[in-house]
There are 2 protein chains.
Amino acid sequence: MVSDALTPERILEATEDVLRRYGPAKATVVDVARVLGVSHGSVYRHFRTKAALREAVTQRWLNRTSEKLASIAEDSGSAEERLGRWLTGLFEAKRHKAGDDPELFATYSVLTGDTNTVVDRHIDDLTGQLARIIEDGRTQGVFSSDSLGSPAETAAAVFSATARFHDPAYAAEWSKPGAEQDFAAVRALIVRGLRA
Amino acid sequence: MVSDALTPERILEATEDVLRRYGPAKATVVDVARVLGVSHGSVYRHFRTKAALREAVTQRWLNRTSEKLASIAEDSGSAEERLGRWLTGLFEAKRHKAGDDPELFATYSVLTGDTNTVVDRHIDDLTGQLARIIEDGRTQGVFSSDSLGSPAETAAAVFSATARFHDPAYAAEWSKPGAEQDFAAVRALIVRGLRA
DNA sequence: CGGATGACAGATATTGAAATCTGTCATCCG
DNA sequence: CGGATGACAGATTTCAATATCTGTCATCCG
């Protein structure tokens, strides 16, 4: 027994350990139970299915990124500067996750492919933050209010246009030389497109 | 025997037939030879390896798209209008390929994952066309010449920013309701970003 | 009594032997 | 003589038997 009570949080911790060690294909519920020193039946008391467990651990992982960015979205100050910082922050966060522990990143990339609802919520969260920055920018008069739809629609467009720099499908390209310049070029193009 | 001389072109035709029928995983060189009524040794006289045959058939398929767009890139006339038409043409071409024959599209999506050189050439070709339009726009004075790098760099940024609408990885989303509006929003944002 | 257990059935994954495919080349044919 | 052939070796894939895993639940324990 590693500790006292068997909580969802402890199970998620153990699940991430097991995923890191064995990868998404080999990690089993029995492995998670073994790490915790309990039977696998006990894990099923807290998560109805293996899929539910994977969703929960994936959500936890995605939330670590969105929480970091939330503070930028909620800042006061120049919307244009915050937008640049937010987009750069998103790219940097993903790039570091991918570069620092490639195997765990690959593992979560597989998981996000299965857990569509969780990923959709994450994307809604991020585009919501973007929409807030865009709305602030329109209020401040630095971003155009004509011709580009609602803040939410514009946020979705900005998110789409930067997909190459946050979608795990492109992770292999983030460490190539020139990736940073490519990102800066797209960011400049987008910011220019938003200006009043 | 289907016809007289065994030419590379006839082999590619047969290869596409076989790929359409069996998919990328099951299609064999022996199958291609059978369709042509020759031994598989004869196919190897024209293509050194199976990989080379796949590259050639993939290039042929990609070229059908770039050739359509080349005429827009080489038009004379308003660069802004041509850019919109070119981007829309690219999205439409990919969307129709994916929608009209989903299995063949899936097949070629797998092939493009293996044949990186061919895909890189295709992308160079497309960004070259884009660069030409952007250069024309700068000459005409409708696109800004400051702050966004060379036409080639700007073309790469525009291509990156529209990845969601031409990269096969996103094909599943092209038929969703709202995809067209999403594309229009990104296109408007980009065109706005390029304006003088 | 609330929570943990482990035996179990059906689903999924692994494994290794057999079948098929790729790529070569000595031989053949017009 | 130029081009096609098919037998062949080594690489890859298929398939079926075997092993492991998921999810349930009657039972047990503090």
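What's counted below: heavy atoms across the whole structure, side chains too, no hydrogens, waters or symmetry copies. Every chain is numbered from 1, with letters handed out A, B, ... down the list of sequences.
- One can place CG of B:D31 at 13 Å from C1' of C:dT22, the figure rounded to the nearest angstrom.
- Using Watson-Crick or G-U wobble geometry with both donor-acceptor distances under 3.5 Å, D:dA16 finds its partner in C:dT15.
- For the residue pair A:R60/A:T15, the side-chain donor-acceptor check at 3.5 Å is not satisfied.
- Crowding of B:E173 atom CD: a count of heavy atoms from other residues, nucleotides or ligands under 6.0 Å exceeding 12.
- A straight line from OH of B:Y44 to P of D:dG6 spans 16 Å, rounded to a whole angstrom.
- In this structure D:dC25 sits in a base pair with C:dG6, meeting the Watson-Crick or G-U test at under 3.5 Å.
- Taking only side-chain atoms of A:T28, from C-beta outward, the nucleotide of D:dT14, D:dT5, D:dC21 with the closest atom is D:dC21.
- Residue side chain B:H40 does not reach the base of D:dG6 through any donor-acceptor N/O pair under 3.5 Å, judged by distance alone.
- When distances run from any side-chain atom of B:V30 to the nucleotides D:dA4, D:dT22, C:dT22, the shortest one goes to C:dT22.
- If you measure from atom CG of A:L6 to atom P of C:dG2, you get 18 Å, rounded to the nearest angstrom.
- To the nearest angstrom, P of D:dT20 lies 12 Å from CZ of A:R34.
- In this structure, A:A93 and A:T65 approach most closely via the heavy-atom pair CB-CG2, 4.2 Å.
- Close to D:dT5, at under 4.0 Å from its OP1 or OP2, lies a side-chain N or O of B:S42.
- More than 12 heavy-atom neighbours from other residues, nucleotides or ligands sit within 6.0 angstrom of CZ on A:R64.
- Counting to the nearest Å, the C1' atom of C:dG3 and the CD1 atom of A:I11 are 12 Å from each other.
- Between B:R82 and B:D136, at least one side-chain N (NZ, or NE/NH1/NH2) sits under 4.0 Å from a carboxylate O, which counts as a salt bridge.
- Across every strand in view, D:dC1 sits in a pair with C:dG30 that passes the Watson-Crick or G-U test at under 3.5 angstrom.
- A sub-4.0 Å separation between OP1 or OP2 of D:dG23 and a side-chain N or O of A:R48 is absent.
- B:R10 has its CZ atom 15 Å from the P atom of D:dG3, to the nearest Å.
- Nearest nucleotide to the side chain of A:K26, out of C:dT14, C:dG6, D:dT5: C:dT14.
- Residue A:K50 has its side chain nearest to D:dT22 when only D:dT22, D:dG3, C:dT5 are considered.
- Separating the CZ atom of B:F47 from the P atom of C:dT24 is a distance of 15 Å, rounded to the nearest angstrom.
- Of the listed nucleotides (C:dG3, C:dT24, D:dC21), C:dG3 has the atom at the smallest distance from the side chain of A:R45.
- Rounded to whole Å, atom P of C:dT5 lies 10 Å from atom NE2 of A:H46.
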